[in-house]
Amino acid sequence: MADQSPVPFGPKDLRPNMVINRELSWLEFNQRVLEEAVSEDNPVFEKMKFLSIAGSNLDEFFMIRVASIWDQIDAGYEKCDCAGLTPKEQISAITRRVRVMMEQMYEILRRQILPELARNGIRILDSKSLSPDQARYLDDYFDTQVYPVLTPMAVDSRRPFPLILNRSLNLGLLLEEKGDDPVFATVQVPSGLSRVVRLPGGSGVDVILLEQVIARNIDKLFLGRKVLTCSPYRITRNADLSIDEEGAEDLLEEIEKSLKQRRWGAAIRLEIDHRADPRLVKVLEESLELEEGDAYPIHGPINLDFLQKNLYKLGGFDALKYPPYAPHRLKLSEDETLLSRIAKEDILLYHPYDSFEPVVRFVQEAARDPQVLAIKQTLYRVSGDSPIIAALVEAAESGKQVTALLELKARFDEENNIHWGRRLERAGAHVIYGMAGLKTHSKITLVVRAEEEGVRRYVHLATGNYNDVTANIYTDHGLFTANERIGDDASAFFNMLTGFTEPPRLKKLVSAPNELRKRFLYLIDREVQNALQGKRAEIFAKMNSLVDEGIIAALFRASMAGVKIRLIVRGICCLRPGLPEISENIQVKSIVGRYLEHSRIYYFHNDGRSEIYLSSADWMPRNLDRRVELMFPVEQEELFNRVYDVLKLQWKDNVKARVMTSDGGFKKPEPPEDAPRINAQETLMHWAHGHWGE
């Protein structure tokens with residue numbers, strides 16, 4: 001239907017000046033994360049955490065996205081992307097942008113965060129700033145705790161260049177060699193020891209980084225040799241798993257092999273102290289076979305993870321963090337179970353404003369209820385000590401039919417999911433490890449219960465993962481329902497996942513990769529038809545990323561027809577808003593704050609018969625074409641209004657929101673001087689305990 005619109009515009013009509021390269025758009029998202037590291041709204045420990053997150057985000061960006069572009073270059077692929085950039089041009093643009101970003105990150109650390117920490121009694125010292133007592137303590141600490149763990153490795157004709165572990169922190173050295181060029185040596189900073197070493201003395205908290213402790217005592221590792229230079233460095237490797245599923249007889253075994261390879265993929269980035277001897281840099285570049293521009297000089301500690309993993313966890317500094325927030329808890333009467341409440345009415349939760357506890361309780365109740373016959377669940381990312389997995393194990397061991405679809409290809413969670421899959425299998429559960437060629441990214445749980453009237457189905461659907469840890473920091477919606485038509489759909493959906501049935505025609509749910517793209521194009525085009533008929537037409541959507549060219553073209557078509565389009569996109573947005581005659585009816589905002597915006601909400605005005613859908617899917621090709629996803633409607637009026645109120649509130653945010661410009665940049669909103677400050681996330685904390693709380 002969408003392609004038959006009177007407004008003639010489709011994916012083939014997209015031009016490079018209408019879209020933004022996805023990698024450069026992602027870097028602008030990371031810039032918004034970095035802005036939180038200097039925001040006066042954030043206490044210093046939270047600024048420190050945002051700086052650390054920006055750094056770890058870059059790590060993953062290089063390991064996956066930059067690595068995939070290098071793979072294209074190595075394969076001789078020269079085709080331009082939708083923004084008109086070849087792979088080589090993308091690498092060049094990425095390198096320029098990342099260099100600016102990394103310089104800014106370390107300037108923020110040096111000029112703002114470290115001084116503010118010092119004012120609050122926390123000092124990060126170097127070897128030159130130690131008191132005599134601290135120096136003696138460190139020397140003893142090195143001799144007794146650090147030295148036994150270290151393995152110095154030199155390179156010569158008998159000892160080849162060693163394998164350097166992905167993202168490990170190392171010290172690179174040049175050792176004097178009489179009458180010859182210096183010898184290269186390297187020492188890995190042990191990850192099993194705390195990177196932050198607390199020092200005695202001082203009026204507050206004095207710490208030093210482990211690499212400084214080792215560098216201070218480096219001569220003890222090379223007795224009889226003169227150390228000419230010693231500098232910390234780290235490499236980032238290609239960590240994108242390439243698995244031939246058609247040729248893999250055992251996907252589980254194939255992924256286990258690939259996990260080991262991830263540690264030793266091709267090097268794609270070298271971070272090294274900016275004061276490093278150029279000869280040392282050259283040895284590393286040549287030995288790691290790096291391309292020109294892949295070495296990044298660092299003006300500070302390499303790898304800022306320690307800010308979040310170590311310093312943030314220091315005790316006694318709660319005043320330098322966000323005030324604690326206790327989520328709203330669903331209240332049940334004494335004679336009421338969660339299942340009996342769901343039988344009476346749908347329940348909508350919005351985490352982390354609403355507690356995740358009812359989701360865990362849903363599975364636990366089902367596991368212990370003698371009338372429950374079966375539990376079926378899709379699992380993409382779960383926590384390391386998951387109470388949901390524990391409940392599924394309990395249910396299976398008690399004789400219930402338990403089916404878990406564990407996605408082995410959930411990036412960086414593969415190992416965790418393999419572990420839980422085997423635990424479930426030992427308990428007697430049926431475990432399906434994803435579908436060939438597709439990632440199962442949908443979030444659904446089905447509980448089948450025998451009742452007096454017959455078998456009844458209870459369903460939980462969500463926009464986010466069944467992860468009790470990330471549910472405290474990711475914003476996601478979840479819906480409990482006993483709606484018969486959704487229950488029918490849930491059964492048909494699971495039968496498709498576990499058997500060989502054809503993709504079913506669902507009544508209420510919409511699934512990818514079979515129907516979701518077509519449904520979105522239909523819903524967008526319905527607004528186009530209404531606009532062309534002079535009716536009010538509006539699309540209001542919230543998602544993590546907007547990349548798909550087909551959807552972008554449809555939104556451009558809608559804008560040209562007069563449809564009012566508001567988009568809240570947390571991360572990548574390849575669509576350029578505000579282009580005359582193309583996207584002048586499209587506005588885009590992004591919110592980065594205390595919580596990671598993760599829910600996907602899609603609102604269509606439909607000539608006054610408005611519809612709202614929640615989904616596990618973003619508007620990206622992978623979600624619409626290469627993943628198993630679900631979209632579900634919110635139909636009860638009270639719950640519908642609650643979701644729509646969230647959209648309207650977030651659109652009014654003038655504290656954490658940024659407005660996208662047509663050049664791909666983002667700027668702060670410019671409200672009138674007398675306008676009240678609106679921080680949507682803070683407001684939602686209050687709403688959860690009042691506006692929609694019981």
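This chain uses plain numbering: 1 for the first residue, then up along the sequence.
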Examine the side chains of His598 and Asp476 and answer whether a donor and an acceptor come within less than 3.5 Å of each other.
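Note: His598 and Asp476 side chains meet the donor-acceptor criterion.
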Residue pair Asn42 / Tyr322, side-chain donor-acceptor N/O under 3.5 Å:
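Side-chain D/A pair, Asn42 to Tyr322: present.
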Which atom of [X] lies closest to which atom of [Y], heavy atoms considered:
| X | Y | result |
| --- | --- | --- |
| Leu171 | Val189 | CG-CG2, 4.4 Å |
| Ser616 | Asn623 | O-ND2, 4.2 Å |
| Ile272 | Ile302 | CA-CD1, 3.8 Å |
| Val44 | Ile113 | CG2-O, 4.2 Å |
| Thr378 | Ser442 | OG1-O, 2.8 Å |

Using the ring-ring contact (aromatic ring centres under 6.0 Å, His included) rule, collect all pairs that involve residues 268-290, keeping only residues at least two apart or in two chains.
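Matches after skipping sequence neighbours: His274-His299.
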With side-chain contact (heavy atoms from CB on, under 4.5 Å) as the test, pick out the partner of Thr403 among Leu392, Ile432, Leu497, Val431.
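Of all the options given, the one that passes is Ile432.
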Tyr312 ring centre to Lys321 NZ or CZ under 6.0 Å, with the angle to the axis within 45°?
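Checked: cation-pi criterion met.
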Look only at the side chain of [X] and the backbone of [Y], and say whether a donor-acceptor pair between them is shorter than 3.5 Å.
| X | Y | answer |
| --- | --- | --- |
| Ser615 | Leu630 | yes |
| Tyr466 | Thr445 | yes |
| Ser231 | Gly172 | no |
| Tyr106 | Pro301 | yes |
| Asn465 | Tyr380 | no |
| Gln188 | Ser168 | no |
| Arg600 | Thr463 | yes |

With rounding to the nearest 0.5 angstrom, report the [atom1] to [atom2] distance, [X] to [Y].
| X | Y | atom1 | atom2 | answer |
| --- | --- | --- | --- | --- |
| Gln308 | Glu46 | CD | CD | 9.5 Å |
| Leu114 | Leu109 | CG | CG | 4.0 Å |
| Leu624 | Arg622 | CG | CZ | 11.0 Å |

A side-chain contact here means heavy atoms from C-beta on lying under 4.5 Å apart; do Arg234 and Asp59 qualify?
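Touching, per the 4.5 Å side-chain cut-off.
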For the pair Thr95 and Arg99, evaluate side-chain hydrogen bond (donor to acceptor under 3.5 Å, both in side chains) and give the outcome as yes or no after the intermediate values.
CA-CA 6 Å; Thr95 301; Arg99 287 189 183 282; over 6 Å; no
